[in-house]
Every structure is written in structure tokens, then in C-alpha cells.
Number of protein chains: 2
Amino acid sequence: MDQPEWDPYVRECPTRQLLDRIGDRWTVLVIGSLADGPRRFSGISRSVQGVSQKMLTLTLRRLERDGLVTRTAYAEVPPRVEYELTELGRSLREPLKALEMWAKDNMATVLESRTHHDEAMTA
Amino acid sequence: MDQPEWDPYVRECPTRQLLDRIGDRWTVLVIGSLADGPRRFSGISRSVQGVSQKMLTLTLRRLERDGLVTRTAYAEVPPRVEYELTELGRSLREPLKALEMWAKDNMATVLESRTHHDEAMTA
DNA sequence: CTGAATCCGTATCGATACTG
DNA sequence: CAGTATCGATACGGATTCAG
């Protein structure tokens with residue numbers, strides 16, 4: 001149980017990489033897309049609008065490497081590949097969902113703040 | 001109260017920008033650094049190890065524009081500037097803290113997963 | 001369908017030097 | 001102390017093309 005004392009406030013702490021990963025443009029959305037169960041590549045692609053094949057592949061590979069997602073390829077024609085959250089991946093759902101909720105709940109306020117701020121600058 | 005139906009899964013939804021902002025390298029740490037109360041520029045700088053002046057300034061400006069942080073400059077010599085979370089900013093503390101906790105709790109597992117994955121690749 | 005590989009513009013970020 | 005300004009590397013990410 002004894003874990004090293006990870007501290008993202010320290011320079012080269014690996015947790016920073018982890019925060020970075022979580023924070024990239026697509027990770028949050030992809031994990032959200034897998035939240036309700038396994039999904040195929042094309043399904044995720046449709047769900048996360050605007051993601052390119054390249055970035056989706058890359059994101060999934062990283063998630064796989066980090067043990068958050070499993071990849072299962074079925075030997076069929078045409079190919080079918082399913083991605084699924086691991087237990088670890090599922091444990092990330094809740095904090096990420098909270099973030100998504102916060103973004104939704106406060107988007108209007110933030111937008112308003114930006115407008116005011118920009119007007120004050122111009123004036 | 002009726003808010004538009006923000007949906008980060010849709011292409012040009014502003015919530016994506018918000019998630020991007022939250023997800024950048026420094027935002028999470030800076031907000032964490034301000035979680036316990038107001039702090040000066042240099043204080044934040046020391047707390048968030050490795051952040052450059054440029055990036056700290058940029059991050060604070062963005063947070064200010066988004067209404068998450070207030071900036072108060074005192075007309076003294078030498079100058080003193082304090083940053084403080086707004087109510088909105090404070091509402092972000094909890095979800096971000098959860099994320100930070102997750103990163104700490106699972107860093108070891110992720111590191112292990114990476115090692116296994118990379119070994120499997122080499123083999 | 002599920003990718004891998006390539007090209008390439010751009011945004012990001014760090015380092016450095018300078019200012020009030 | 002608290003910034004601003006500038007330069008340069010490089011990582012990110014989009015579009016396109018090709019393949020199993």
C-alpha cells in the first residue's frame with residue numbers, strides 16, 4: 001500500500017505527466033464515450049465529434065499503455081475492434097464526469113465574464 | 001436558469017475550450033496553489049515548481065478573464081500583487097482536487113502498466 | 001472497418017533579456 | 001517584486017494517402 005509521496009507540485013513528478021495526459025484535448029471525451037460500456041473504433045469516432053483518426057488512435061494507444069483501456073480485435077472481415085475501460089479506467093469516470101458537469105454548469109458564467117473582461121479592456 | 005444544452009461532444013461547443021483550459025499544464029496546479037487563500041505572484045511561482053514567469057502570467061490572465069481568479073495590485077514599492085480565487089474559482093477546487101487525488105492514488109499502477117506494455121512490445 | 005505513415009502549419013512553451 | 005517582449009525548438013494536431 002505504501003506509495004511514494006507523489007506530488008505534482010514538484011518538478012519532475014510523474015503525476016504531472018498524468019495530469020497532462022488527462023488534460024489533453026481528447027482523453028476526457030474518449031473516456032466519457034466509453035463510460036457506458038465497450039465501443040468500437042467507429043462508434044467512438046462518431047461520438048467524439050471532430051476527432052481525427054490519427055488523434056483517436058493515438059489517444060487510445062496511450063490509454064491502453066497506461067492501463068486505462070483494453071483493446072480487443074476480432075478476426076473478422078470486416079475487422080471489428082472493441083475498446084473498453086479497465087477497472088482503473090472506470091475509476092477515472094467519476095472525477096472526469098464531475099469536471100464535465102462543472103464545465104456545463106458554469107459555461108454561461110465564464111462566457112459572460114469573458115465578455116465583460118474584454119469590454120473593460122477595449123474601453 | 002435555463003442554460004443552453006452544452007455538450008462537449010459536439011464540435012464547436014465552448015465547453016471544449018473550457019475543458020482545454022482546465023486541462024492545460026498549469027491551470028490545475030495554479031488553482032490548487034490558490035485553494036487555501038490569496039497568494040502573491042512569487043508565492044504561486046515557488047509553489048508550482050518549474051512554471052516559468054511567462055506561463056504563470058499567461059495562466060493567471062486567462063483565469064482572470066474567465067472569472068476564476070481576481071487580481072489585486074497594491075500601490076507599494078516594491079509592488080505587491082495578490083491573486084485569489086473567486087466564488088466560481090472555488091467551485092472548481094473540488095473536482096480538480098478529485099483529479100489530483102486520482103493521479104496520486106493511481107500513479108504507481110499506471111507506471112507499472114506502462115512498463116509491462118513496453119516490455120511486451122520489445123519482446 | 002481499422003488503422004499506419006507522411007506532410008506540414010501552428011500553438012505551445014521554455015529561456016533569456018529587459019522594464020517600472 | 002511583478003511583470004513584458006522576443007526568439008526558437010518542438011510537440012500537437014489536421015488532412016491526406018495507403019494498407020490489411
Side-chain angles (χ1 to χ4, degrees), chain A residues 8-13 16-30 33-34 38-66 69-84 117 121, chain B residues 8-13 16-30 33-34 38-66 69-84 117 121:
Chain A
Y9 289 87
V10 171
R11 261 173 180 283
E12 353 64 13
C13 182
R16 287 221 176 154
Q17 299 171 26
L18 208 47
L19 286 178
D20 284 0
R21 178 76 15 102
I22 292 170
D24 76 17
R25 198 195 287 337
W26 302 115
T27 298
V28 175
L29 296 175
V30 168
S33 174
L34 291 173
R39 217 160 187 182
R40 306 179 55 171
F41 187 89
S42 53
I44 306 172
S45 187
R46 269 189 304 275
S47 161
V48 181
Q49 288 182 30
V51 66
S52 64
Q53 282 193 340
K54 176 184 171 180
M55 289 317 297
L56 182 51
T57 301
L58 216 76
T59 303
L60 286 168
R61 290 287 169 281
R62 298 203 267 233
L63 290 175
E64 201 189 346
R65 185 168 109 96
D66 287 351
V69 159
T70 57
R71 177 184 187 275
T72 312
Y74 298 90
E76 302 173 358
V77 178
R80 181 166 58 100
V81 180
E82 282 199 342
Y83 293 91
E84 184 172 13
H117 189 267
M121 294 293 92
Chain B
Y9 288 88
V10 170
R11 263 174 178 282
E12 353 63 13
C13 183
R16 284 222 179 153
Q17 298 171 27
L18 205 49
L19 286 177
D20 284 1
R21 178 79 13 105
I22 292 171
D24 77 17
R25 203 201 278 342
W26 303 114
T27 298
V28 175
L29 297 175
V30 168
S33 175
L34 292 173
R39 216 159 187 183
R40 306 179 55 169
F41 187 89
S42 54
I44 307 173
S45 186
R46 269 189 305 276
S47 160
V48 181
Q49 289 181 30
V51 67
S52 64
Q53 280 194 337
K54 175 183 172 182
M55 288 318 297
L56 183 52
T57 301
L58 217 76
T59 303
L60 287 168
R61 291 287 171 279
R62 298 203 267 233
L63 290 175
E64 201 187 348
R65 185 168 109 96
D66 287 352
V69 158
T70 58
R71 176 182 186 277
T72 311
Y74 298 90
E76 304 172 353
V77 178
R80 181 165 58 99
V81 179
E82 282 199 344
Y83 294 91
E84 183 172 15
H117 188 269
M121 294 292 92

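Quick note on labels: first sequence line is chain A, next is B, and so on, each numbered from 1.
Taking atom CG of residue A:Leu60 and atom C1' of nucleotide C:dC1, one finds them 14 Å apart after rounding to whole Å. We find that CD of B:Glu82 is positioned 16 Å from C1' of D:dG3, with the value rounded to whole Å. Spacing between atom CD1 of A:Ile44 and atom C1' of C:dT2 amounts to 11 Å, rounded to whole angstrom units. One atom, CZ of A:Arg39, and another, P of C:dC1, lie 15 Å apart when rounded to the nearest Å. Between the P atom of D:dA11 and the CG atom of A:Leu58 lies a distance of 13 Å, rounded to the nearest Å. Separating the CE atom of B:Met55 from the P atom of C:dC13 is a distance of 4 Å, rounded to the nearest angstrom. Rounded to whole Å, the distance from CG on A:Asp24 to C1' on C:dA11 is 15 Å. Separating the CD atom of A:Glu76 from the P atom of C:dC1 is a distance of 14 Å, rounded to the nearest angstrom.
Looking at which nucleotide of DNA chain C each of A:Pro78 and B:Lys54 is closest to, the 5′-most match is held by A:Pro78. Residues A:Gln53 and B:Val51 both approach DNA chain C. Their nearest nucleotides, taken by heavy-atom distance, put A:Gln53 toward the 5′ side. Of the two residues contacting DNA chain D, namely A:Arg62 and A:Pro79, the nearest-nucleotide position lying further toward the 5' end is that of A:Arg62.
Distances shorter than 4.0 Å separate none of the side-chain N or O atoms of B:Arg71 from OP1 or OP2 on D:dA2. Phosphate proximity of C:dT2 to A:Arg40: present, with a side-chain N or O under 4.0 Å from OP1 or OP2. OP1 or OP2 of D:dC1 has not a single side-chain nitrogen or oxygen of B:Tyr83 nearer than 4.0 Å.
Here the side chain of A:Ser33 pairs no donor or acceptor atom with the backbone of A:Leu29 at under 3.5 angstrom. Checking side-chain atoms of B:Thr57 against main-chain N and O of B:Gln53 turns up a donor-acceptor pair under 3.5 Å. A:Ser45 places no side-chain N or O within donor-acceptor distance of the main-chain N or O of A:Phe41, the cut-off being under 3.5 Å.
Taking all atoms of both residues into account, the shortest heavy-atom contact from A:Thr27 to A:Arg21 is OG1-O, 3.0 Å.
Using a 4.0 Å heavy-atom distance criterion, A:Tyr74 is classed as making no nucleic acid contact.
Of the candidates D:dG14, C:dT2, C:dG14, the closest approach to any side-chain atom of A:Arg25 belongs to D:dG14. Of the candidates D:dA2, D:dG3, C:dG3, D:dA2 carries the atom nearest the B:Ser42 side chain, counting heavy atoms from C-beta on.
The only option from A:Val69, A:Thr59, A:Val51 that meets the side-chain contact (heavy atoms from CB on, under 4.5 Å) definition with A:Val30 turns out to be A:Thr59.
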